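Some notes on the structure that comes next.
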Amino acid sequence: MDDIIQVSSRFLHGLQEMASMEEEQAHLIGNLFLEFQEEFERVYKVYCANYDQALLLVKAYRKEPELQQEIQGIIEAAVPQAGPSGLSFLLVIPLQRITKYPLLLQKILENTLPNASAYPILQRAMSALQGVNSNINEYKMRKEVASKYTKVEQLSLRERLARINTHTLSKKTTRLSQLLKQEAGLVPRTEDKDFNDLEEKFQWVSLCVTELKSNVAAYLDNLEVFLQFRPHECSLDISGGPAEQYRSLARDLQLEVFLEFKQRLEGLVWKPLCSLTRALVGPQNLIKKRLDKLLDFERVEEKLLDVGSVTYEEEEARHTYQALNSLLVAELPKFNQLVMQWLTQILHSFVALQRDLADQVLRRAESSMVQLPHHRAPEPDFRKLLEDTLGQTCSQLHSFQENFEKVLPHPSTQPLLPGSEYQMQALLTKYGPGKLYQVMSNISGTGTLDLTLPRGQIVALLQNKDTKGNSSRWLVDTGGHRGYVSARKLQLYHMAPSEKALRGLVAPHENFQLLTPEPTPAPSPTVQAMTQVVAAYPFVARSSHEVSLQAGQPVTILEAQDKKGNPEWSLVEVNGQRGYVPSSFLVSSPSPASWGWTLPS
Amino acid sequence: PSWIPFKIGQPKKQIVPKTVERDFEREYGKLQQLEEQTRRLQKDMKKSTDADLAMSKSAVKISLDLLSNPLCEQDQDFLNMVTALDTAMKRMDAFNQEKVNQIQKTVIEPLKKFGSVFPSLNMAVKRREQALQDYRRLQAKVEKYEEKEKTGPVLAKLHQAREELRPVREDFEAKNKQLLDEMPRFYGSRLDYFQPSFESLIRAQVVYYSEMHKIFGDLTQQLDQPGHSDEQRERENETKLSELRALSIVADD
């Protein structure tokens, strides 16, 4: 409305200026109209298109007495000649004016001599204003058609069913048959290449939007899942050092950085995509409706050829099709262009968000990294160092595991198998009590050199590893056969001292075996040149050959076997004294400090 | 758990001093908790890296689908932008895979290995428990004979029982000691064992996000974007929306 006032007052101004110039008036009037034609069209078309809606509003206002009174009051004060119909009277005035202009011009033309210089100009002005009016009409019709068909109606099934009547059914079947006839080539299809190209581009643009939206949705879903897991909340009871650094970094990232990223993503990428998707609906419906109406239109054309006339309804169909077509042709290009521009904007935002995310994370991660012990080391060096260290600590874990496995099941003596007394005695005499083992559970051998032994059987140990160095597979002598058995199923065979005395044996170093029910050496962790060997357990020397140990005491190994070559005993030096100690009492302890991982305390 | 309902065969004497038992419980308790935490951390790390990979894959799909749209054939500018985006996404995906591999090797694997020691520990603790029970049983037996009238046969049986008891007691004490020594050492080893992993985790983030920063920084420059603020971008979005809505063919919602 304001626009109309503005334009009109400028027009009036122009006219007023002319009032003085007598002769050239007609000329000038013509020119003025020509000048203003575009502006008139622009402002009046909007007004006219919305006129109907304005009238509806006035009707609604009439129903509210208070409001109506207010409005009447104002109108009576300002424009007394409006009368009781007030608002609607005022509203129609601009409508009347714009349609009057061509008529006024025509009047002037009639009163002008055909050979006057102003004549052609006035002619042009009149046809221009006529054009303005018809454009306004078309615009209005398009708007009506658009608002009729763009919306997707949310109908329930019942409502949809209620809509079906003979009329709609016949319409739809007619369209379908027309389509089929076209497909079969029986009837020529109205080809409109330009429109088809336009529609094709629209379809691609639609596809772009819907695909991007669903892909972004998937991305956001995955981001949510990622944010679900909080490994940094598990502390392993380690405080300080890299573990602490990691914990606080991860917390920052999850609670601040990634959260902000997600929010920005939702606002600047997801939300616009949703708006775009909704905007696609209108054109899609119109395109569909156009096709329907086109099929109707083609039928009508056919009928026209056959019969020579068409009903009013059929004319309507033709007009609607033409309106839809011209509307789409006019506006789809702009639509496509706008969507593409917006998509590009959105993608730019997406990229910027990723860069910002990287920036934020990097800043925090780098400040964490500076506090790490090896932060100066370049990445390849660090990785090599890490690999080596992990190898080290892995073997340390192995030794822990083995140590735990050395805690063996209870050495309850199984009863001897009947008739095996003699065999046991033979083994005892041949090998000595320290070498006797009892089978704890049935062994079934699989390989050619493996033995199958029942539970309770006594065997003597020949070798505590096989030819490949596998220390869980031992070579034993049953008194009758030799072969390999799984070491885990053997238990050192204890005999009560009285029993031993009976058998006339008191071998040296006997007591050691009672103290520690360990099978003789599971390999001690690899002794490295620079690592310490310490005593794992205390040992009390029982003779002058032996030397006492305290747990944790560092010792130096002089010989890893005794005078008979028995590796169960090692000759060591400790505290300036020399003597034999059980080899399995010794462990090497890799010193962690040399790898630089220990924390500053 | 070393509570046993009172039954015949329980020794009168407290064979394991309360302090020792308490120490044992405490050390073992710490290790049980550590076992649980190790397992949980391993699981969470795995799930987190899986989600990370999924995210990267869906980012790649964004640019892939854009690239396959026929619009690219018509619009050169669009094609250029989408191609640059696609290249960036694919490179980031490759770096992401590398990052995850590194985490797998230096964090998840070590966690698994550490966890694999616990079954042996738990078995050892069970065996100590069994030894304790046998010890108690035989101790009770000895006490039973000690209380009887000292006749010849009784003395012989008593001697026998004592002889049976001795190796069992020594066995238990050895196991107990061994575990009391090893458990704190094992618990303490977690410090040196895991710190490298955490260091590796942080470094892996730095490596990955450095690349990401460079790649997307270059991309924003290439696409010739001014550095807009979020408000500016939102306003641009609003403008576009109202331009679209101004068209008659667009429905009002």
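All values below were derived from every heavy atom in this structure, side-chain atoms included, with hydrogens, water molecules and symmetry-related copies excluded. Computed from a prediction, not measured in an experiment: that's the story for all the values here. Note on naming: letters A, B, ... go to the chains in the order of the sequence lines (proteins, then strands), and numbering restarts at 1 for each one.
Inter-residue side-chain proximity for A:His348 and B:His228 is flagged as unmet; no heavy-atom pair is nearer than 4.5 Å. Between B:Leu244 and A:Trp342, some side-chain heavy-atom pair lies under the 4.5 Å cut-off. Proximity of B:Val250 to A:Glu331: side-chain heavy atoms (C-beta onward) are nowhere separated by under 4.5 Å. Contact annotation: the side chain of B:Phe186 never approaches that of A:Asn403 to less than 4.5 Å [non-hydrogen atoms, C-beta and beyond]. With a 4.5 Å cut-off on side-chain heavy atoms, B:Asp44 and A:Cys234 do not count as touching. When side chains are defined from C-beta on, B:Ile215 does not count as touching A:Arg355, because their heavy atoms never get closer than 4.5 Å. You'll find the side chain of A:Arg383 stays beyond 4.5 Å of the side chain of B:Arg203, heavy atoms only. Side-chain contact check for A:Leu347 versus B:Leu66: some heavy-atom pair is nearer than 4.5 Å.
Heavy atoms closer than 4.5 Å to chain A are found nowhere in B:Phe118, neither backbone nor side chain. Within the 4.5 angstrom heavy-atom criterion, only side-chain atoms of A:Leu249, from C-beta onward, approach chain B. For B:Met92, no part sits under 4.5 Å from any heavy atom of chain A, backbone or side chain. The contact between A:Gln341 and chain B is made by backbone and side chain atoms together, counting heavy-atom distances below 4.5 Å. With a 4.5 Å cut-off on non-hydrogen atoms, B:Ser189 touches chain A through its side chain but not through its backbone. If you measure heavy-atom distances from B:Gln33 to chain A, you find no contacts under 4.5 Å at all. Interface residue A:Leu207: backbone and side-chain heavy atoms are both found under 4.5 Å from chain B. A:Arg364 does not touch chain B: none of its heavy atoms, backbone or side chain, sits under 4.5 Å away. For B:Asp52, the parts lying near chain A are the backbone and the side chain together; criterion is any non-hydrogen pair under 4.5 Å. At a 4.5 Å heavy-atom cutoff, the contact between B:Val207 and chain A is made by side-chain atoms alone. Contact annotation for A:Glu211: only side-chain heavy atoms (C-beta onward) come within less than 4.5 Å of a heavy atom of chain B. Contact of B:Gln74 with chain A is made through the side chain alone, with heavy-atom distances under 4.5 Å. Contact of A:Leu390 with chain B is made through the side chain alone, with heavy-atom distances under 4.5 Å. When heavy atoms are compared at a cutoff of 4.5 Å, B:Ile62 approaches chain A by way of both its backbone and its side chain. For B:Asn69, the part lying near chain A is the side chain, with the backbone staying farther off; criterion is any non-hydrogen pair under 4.5 Å.
Shown here for B:Leu34 and A:Leu236, the closest heavy-atom pair between the two residues is CD1-O, 3.9 Å. Scanning both residues, A:Ala352 and B:Arg233, for their nearest heavy atoms gives CB-NH2, 3.4 Å. The nearest pair of heavy atoms linking B:Ser116 to A:Gln401 is O-NE2, 3.7 Å. A:Arg230 and B:Arg40 get closest at one heavy-atom pair: O-NH2, 4.5 Å. Counting all heavy atoms, side chain and backbone alike, B:Gln195 lies closest to A:Gly240 at NE2-O, 3.2 Å. Nearest heavy-atom pair across B:Ile202 and A:Pro242 is CD1-O, 4.0 Å.
Counting heavy-atom pairs under 4.5 Å between each of B:Val117, B:Leu41, B:Leu247, B:Thr220 and chain A puts B:Leu247 at the top. Ranked by heavy-atom pairs shorter than 4.5 Å toward chain A, the options B:Leu219, B:Leu241, B:Thr38, B:Asp181 are led by B:Leu241. When B:Asp65, B:Leu179, B:Asp50 are compared by the number of non-hydrogen pairs under 4.5 Å with chain A, B:Asp65 comes out ahead. The most heavy-atom pairs under 4.5 Å with chain A, out of B:Met123, B:Gln205, B:Glu236, come from B:Glu236. Between chain A and the options B:Lys177, B:Lys61, B:Lys43, heavy-atom pairs under 4.5 Å are most frequent for B:Lys61.
Under the 3.5 Å distance criterion, the side-chain polar atoms of B:Glu199 are matched with a main-chain donor or acceptor of A:His374.
Note that CG of B:Asp230 is 7.0 Å distant from CG of A:Leu353, once rounded to the nearest 0.5 Å. The structure places CD of A:Gln245 at 13.0 Å from CG of B:Leu201, a figure rounded to the nearest 0.5 Å. For the atom pair CD (B:Gln178) and CZ (A:Phe404), the distance works out to 8.5 Å, reported to the nearest 0.5 Å. One distance of note links CG of B:Asn237 with OG of A:Ser275; it measures 8.0 Å at 0.5 Å rounding. Expressed to the nearest 0.5 Å, how far CD of A:Glu405 lies from CG of B:Leu121 amounts to 11.0 Å. In this structure, B:Lys47 NZ and A:Phe229 CZ are separated by 5.0 Å, a value rounded to the nearest 0.5 Å.
Atom NZ of B:Lys57 has more than 12 heavy atoms from other residues, nucleotides or ligands within 6.0 Å. Annotation: A:His375, atom NE2; neighbour count of heavy atoms from other residues, nucleotides and ligands within 6.0 Å is above 12.
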Test B:Asp192 against A:Gln396 for side chain to side chain contact (heavy atoms under 4.5 Å, CB included), laying out the working first. CA-CA 11 Å; B:Asp192 287 342; A:Gln396 205 185 353; over 6 Å; no

Hey, mind stepping through B:Thr106 and A:Glu387 against side chain to side chain contact (heavy atoms under 4.5 Å, CB included) and telling me if it holds? CA-CA 8 Å; B:Thr106 61; A:Glu387 213 176 294; over 6 Å; no

Begin with the C-alpha distance, continue with both residues' side-chain angles, and end with the deciding distance and a verdict on side chain to side chain contact (heavy atoms under 4.5 Å, CB included) for A:Asp359 and B:Tyr209. CA-CA 8 Å; A:Asp359 185 50; B:Tyr209 282 101; over 6 Å; no

Is there a side chain to side chain contact (heavy atoms under 4.5 Å, CB included) between A:Phe382 and B:Ser200? Walk through the geometry before answering. CA-CA 9 Å; A:Phe382 173 79; B:Ser200 171; 4.2 Å; yes

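Salt bridge B:Lys30/A:Asp237: absent, no basic N to carboxylate O contact under 4.0 Å.
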Mind listing the side-chain donor-acceptor pairs of residues 218-225 of chain A below 3.5 Å, one per line with the distance, residues two or more places apart or on another chain?
{"unit_1": "A:Tyr219", "atom_1": "OH", "unit_2": "A:Gln354", "atom_2": "NE2", "d": "3.1"}
{"unit_1": "A:Asn222", "atom_1": "ND2", "unit_2": "A:Ala218", "atom_2": "O", "d": "3.4"}
{"unit_1": "A:Asn222", "atom_1": "ND2", "unit_2": "B:Ala54", "atom_2": "O", "d": "3.2"}
{"unit_1": "A:Asn222", "atom_1": "ND2", "unit_2": "B:Ser58", "atom_2": "OG", "d": "3.3"}
{"unit_1": "A:Glu224", "atom_1": "OE2", "unit_2": "A:Lys262", "atom_2": "NZ", "d": "3.4"}

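For A:Phe202, the ring-ring contact (aromatic ring centres under 6.0 Å, His included) partners at least two apart in sequence or on another chain are A:Phe335. Residues forming a ring-ring contact (aromatic ring centres under 6.0 Å, His included) with B:Phe194 (at least two apart in sequence, or on another chain): B:Phe114.
Chain A is approached within less than 4.5 Å, heavy atom to heavy atom, by B:Phe78, B:Met81, B:Leu85 from residues 77-87 of chain B, ordered by number.
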